[in-house]
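Below: one structure, written as structure tokens.
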Amino acid sequence: MTKQRQTDLQLRERRLETPDISGGQLGWLVISIVLAGVPHILHIHPWIPIVVFSILVWRIVLALMRWPLPSAWIRVPLTMLGFIGVLFSYQQLSGLSAGSALLLIMVAMKLLETRGHRDRAIVVFICYFLLFSMFLREQAIWSVAYLVISILLTTAALIQVARIGAVMAAPQAMAHAMRIVLQSLPIALLLFLLFPRIPGPFWSLPNVSGDAVAGLANELSPGDISQLALSDEVAFRVRFDAAPPGVSALYWRGPVMDTFDGRKWTQRGTQQLTTPDRASRNGPAISYEVALEPHGQHWLLALETPLNWDARGARLTTAGQLLSKAPVNRRMSYHSSSLLGASRYQAIDPADLNRSRALPTSNNLRSIVFGQQLRSEATSDVEYLEKLLQYFTGEMFYYTLRPPSLGADPIDEFLFGARRGFCGHYASAFALLARAGGIPARIVTGYQGAELNPLGNYWIVRQSDAHAWVEVWLDGRWIHFDPTASVAPDRIEYGFDAAMEFRNETSGNRLADNPLLLRLAMSWDALNTNWNRWILSFGPETQTTLMSLIGIYDPTTEYFIIAMVVSITGLLILGGSIQRYRERPKLNRLLTAYQRLCRRAGKVSRCRQPAEGPHEYLAAVCLQRPDLAAELHTLFNMYVQLRYDGIDDEQLRQKFFSASRAFRPGAD
Amino acid sequence: MLLGSMNYNNNTGFALTFLLTGIGIISIYNCHRNLADIFLHFVGSRSVFAGESVHFNFIIENQNTYSRAQLLFCFDGHQEICDVLAAGDRQPMSVRVNSTRRGRLNLPRLLLATRYPLGLFRAWTWINMDVTEIIYPQPAAAAPSTMMSHGGHSISARHSAGDEDFSGLRSYHVGDPPKRIAWKILAHTGETMITEYNDGSRDPVWVDWYDYPSSHPEERLSLLTRRALDADLAGHIWGLRMPGQVIGADRGAAHRHQCLRALALYDPGSGQLAP
């Protein structure tokens with residue numbers, strides 16, 4: 001046959017292989033499209049699911065009534081309309097929402113022209129992609145469960161649309177899909193672990209959720225933290241290596257603000273680096289692991305004062321802030337150990353001190369005068385600061401999350417007017433008064449406290465645990481002051497919940513009242529934490545750690561590629577060989593067993609001649625070794641029955657295999 | 001998807017991408033596994049007349065311990081699908097090839113292919129079996145009415161002769177019509193005898209090349225085929241006379257095949273049988 005003819009035949013074969021779609025295949029495709037579309041429904045314009053649904057119904061009706069599919073004259077304008085509709089609704093075609101909307105419409109339209117296998121496979125591929133894009137919105141565990149089911153069904157659909165002739169029964173198709181997915185899991189796992197991860201992103205991240213990422217801000221004006229206080233979102237989770245310190249000692253240090261313009265505190269500090277002063281440690285260090293939720297900023301949270309951290313590229317500034325190299329855009333975890341108490345750093349930036357003395361010149365003058373007056377009455381800086389704390393305790397200050405709004409001189413209004421506020425107000429007022437007394441002072445924001453999850457043996461720090469406190473410069477070091485503690489000691493002692501004036505001021509999501517619900521919520525959080533810890537925060541760092549486990553330190557990308565290719569190829573060869581061996585033809589097994597039997601018999605008597613049948617050989621061996629005759633008779637009989645008498649008895653087959661394997665004649 | 005996962009550092013996206021990659025890789029393996037170790041045994045075929053279809057019969061066998069699905073045979077634009085072949089199972093499979101002219105017909109090259117499971121990959125193998133079938137010449141529409149017969153009788157004349165005139169018994173040959181078996185003698189002696197009648201059937205009918213001197217060789221062969229078939233159908237003893245070879249008078253299926261084969265393989269150029 002000529003080459004031409006061969007190609008011709010293949011082409012014809014391909015055409016023959018792909019008859020038009022059958023009803024069953026259409027059903028499977030519709031299911032895939034619905035599964036792929038559902039996660040997107042809430043995120044796209046409501047007209048899109050309606051249009052997609054209509055097209056699906058239309059297509060099903062066409063199939064049921066055996067009407068012809070619409071011609072290109074109808075399909076092309078409809079497709080154009082879909083494009084224009086998406087463009088009109090989103091002003092773009094590329095974003096996540098616009099993209100998934102467009103894909104949904106196109107995949108439904110594709111169903112109107114499913115002529116061959118290729119068209120049908122394309123529908124399935126788009127469904128896979130839509131399922132993938134779901135993960136750009138949502139990475140929680142439930143979405144994975146949904147995805148597993150969807151992938152199974154979509155793969156079953158792919159099996160069905162590739163078939164010639166009738167579709168398989170649904171359970172059978174699912175079983176096939178399940179087998180393929182299970183077989184591919186080891187490969188997927190190896191790829192996941194070994195595929196070289198590049199610290200992204202290549203292009204800027206779109207704002208996926210539509211909300212600002214919750215977290216601490218770069219600046220603080222009295223009143224800011226209240227939004228955080230009402231949020232139950234998890235800021236980070238902590239696992240202590242040893243017994244944790246008391247809740248009141250847990251000050252998680254975040255952004256430090258040293259510049260005050262009378263209305264808001266900002267970060268102006270140079271990002272000059274320092275190292276912790278390990279020499280002056282005065283207690284045992286506490287080590288812990290933080291799993292930080294993404295907040296889009298650079299700071300990493302650590303207990304005051306961090307000594308060690310294993311976050312790659314992270315550094316400590318003279319303001320005592322731990323900063324990561326890149327913004328924290330995905331969950332990350334790091335180990336750290338801290339020395340509780342005052343901040344001690346080797347390098348002190350004089351500019352820091354100067355900034356921490358500056359007073360606003362045009363506002364809050366009453367407070368400044370009040371502070372200067374109080375300082376002149378005190379004999380020392382320490383006494384002055386104590387007086388300030390007493391002032392907050394003695395006067396009628398109230399802790400509330402609903403403070404009255406403050407005007408142009410917020411501290412004046414707070415100190416001498418409303419006297420209602422929360423940590424931001426108290427810390428601001430205290431820091432300003434300290435500066436008025438000539439003591440350098442700065443605001444530290446972060447989180448205070450944590451909530452134990454007994455099920456997972458770790459602690460949860462929520463956005464509502466956000467806090468602000470003050471550091472003052474005394475005797476050549478920064479000393480920690482928390483004026484809020486003077487006003488509302490409970491707030492510090494027992495965490496945020498217990499201190500609330502009105503429980504209903506919070507969002508009401510806290511489940512502390514119902515032990516069963518609390519337990520459920522805690523188990524769910526524990527599951528989520530492990531999910532986050534092991535899956536979502538897997539990245540280049542974890543990969544490096546993993547490689548160091550097998551003795552490769554500081555691996556390069558080439559290592560990963562080689563490891564990946566070698567391990568996957570090895571896995572395929574090994575798995576394939578094992579399976580092929582186990583599934584080898586029955587006759588081959590029978591022959592192998594018989595040949596082994598003859599070989600062993602040949603060692604103690606004479607070898608079987610190539611032309612010798614079992615009966616002749618048996619007779620010959622028995623003549624030489626009458627002692628083996630009985631055993632060999634049984635064995636050869638079984639073989640003859642299986643091989644020549646057409647007896648297909650699995651039990652007999654197994655019996656022959658085990659008996660021939662056990663046949664080990666001794667020498668004469 | 002990979003780019004998306006890398007850009008967003010999305011580990012679940014990575015997991016899904018790699019799972020799909022794994023599914024793709026595994027489907028290559030499964031596709032090969034679905035085709036590997038399939039046995040195809042040729043069972044046989046029967047000669048046909050030119051223009052009819054030859055059925056080449058095969059047994060497709062799965063000796064392994066797992067079942068196969070969606071096996072596709074393709075040949076000359078036809079296809080046969082074997083949907084499920086269970087472990088250890090065997091199924092008949094027939095390749096139908098249209099014959100166009102007399103002579104030898106080689107089994108076309110077969111393509112055994114599968115796209116199972118996902119349709120993403122296709123495993124295939126070309127099967128080239130040395131199997132040939134003889135295609136008899138196409139018989140002419142009707143027997144020629146009056147033709148010279150070197151044997152003495154014309155076929156039409158023989159039809160008018162009666163079958164009544166008993167002339168004796170002879171022993172049975174394969175292919176003798178059962179109605180001529182002397183059943184009584186069989187019952188008595190256990191010997192199968194054939195009654196012979198003096199209707200000329202004892203005299204061989206000769207299907208002779210030289211009866212049609214003027215025709216085109218293919219037409220000649222076609223007419224001869226028709227005559228041979230008619231003679232066979234009527235139960236005559238008949239022989240074939242061709243340039244370069246003579247097949248002696250006889251009857252029965254084997255004889256019929258031998259003669260028709262000679263007609264099929266006749267090479268008008270050399271006046272010999274084609275090799």
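We use all heavy atoms of the structure for the numbers below, so side chains are in, but hydrogens, waters and symmetry mates are not. All chains are named by letter (A, B, ...) in the order of the sequence lines, taking the proteins before the strands, and each is independently numbered beginning at 1.
- Here the options are B:His257, B:Arg261, B:His255, the test is side-chain contact (heavy atoms from CB on, under 4.5 Å), and the partner is B:Cys259; only B:His255 passes.
- A:Thr155 and A:Tyr128 share a donor-acceptor pair across their side chains, judged by distance under 3.5 Å alone.
- Looking at A:Val123 and A:Trp28, their side chains never come closer than 4.5 Å, going by heavy atoms from C-beta outward.
- Taking B:Arg90 as the reference, B:Glu61 meet the salt bridge (Lys or Arg N to Asp or Glu O under 4.0 Å) condition, with sequence neighbours excluded.
- Annotation: the span from B:Leu85 atom CG to B:Ile60 atom CD1 amounts to 5.5 Å, rounded to 0.5 Å.
- The side-chain hydrogen bond (donor to acceptor under 3.5 Å, both in side chains) check on A:Gln160 picks up nothing, with sequence neighbours excluded.
- Residue contact with chain B, scored on non-hydrogen atoms closer than 4.5 Å, involves the side chain of A:Ile151 exclusively.
- If you measure heavy-atom distances from A:Val161 to chain B, you find no contacts under 4.5 Å at all.
- Heavy atoms closer than 4.5 Å to chain B are found nowhere in A:Ser133, neither backbone nor side chain.
- Residue-level contacts of residues 22-53 of chain B with chain A, in order of numbering, are B:Gly22, B:Ile23, B:Ile25, B:Ile26, B:Tyr29, B:Asn30, B:Arg33, B:Ala36, B:Asp37; threshold 4.5 Å between heavy atoms.
- Only the side chain of A:Arg179 comes within less than 4.5 Å of a heavy atom in chain B; its backbone stays farther off.
- Taking CG from A:Leu590 and CZ from A:Phe657, the interatomic distance works out to 5.5 Å, rounded to the nearest 0.5 Å.
- Proximity to chain A is limited to the side chain of B:Leu20, based on heavy atoms less than 4.5 angstrom apart.
- Contacts of A:Ile187 with chain B are made by side-chain atoms alone, with heavy-atom separations under 4.5 Å and no backbone atom involved.
- Sorted by first and then second residue, the salt bridge (charged side-chain N to carboxylate O under 4.0 Å, His left out) pairs involving residues 145-159 of chain A (not counting sequence neighbours) form an empty list.
- Once rounded to the nearest 0.5 Å, the distance linking CG of B:Leu72 with CD1 of B:Ile81 reads 4.5 Å.
- Of the two parts of A:Leu572, only the side chain, counted from C-beta on, holds a non-hydrogen atom closer than 4.5 Å to a non-hydrogen atom of chain B.
- Of the residues considered (A:His176, A:Arg580, A:Met134), A:Arg580 shows the highest number of contacts with chain B, using heavy-atom pairs under 4.5 Å.
- For the atom pair CD1 of A:Ile122 and CG of A:Leu29, the computed distance is 11.5 Å after rounding to the nearest 0.5 Å.
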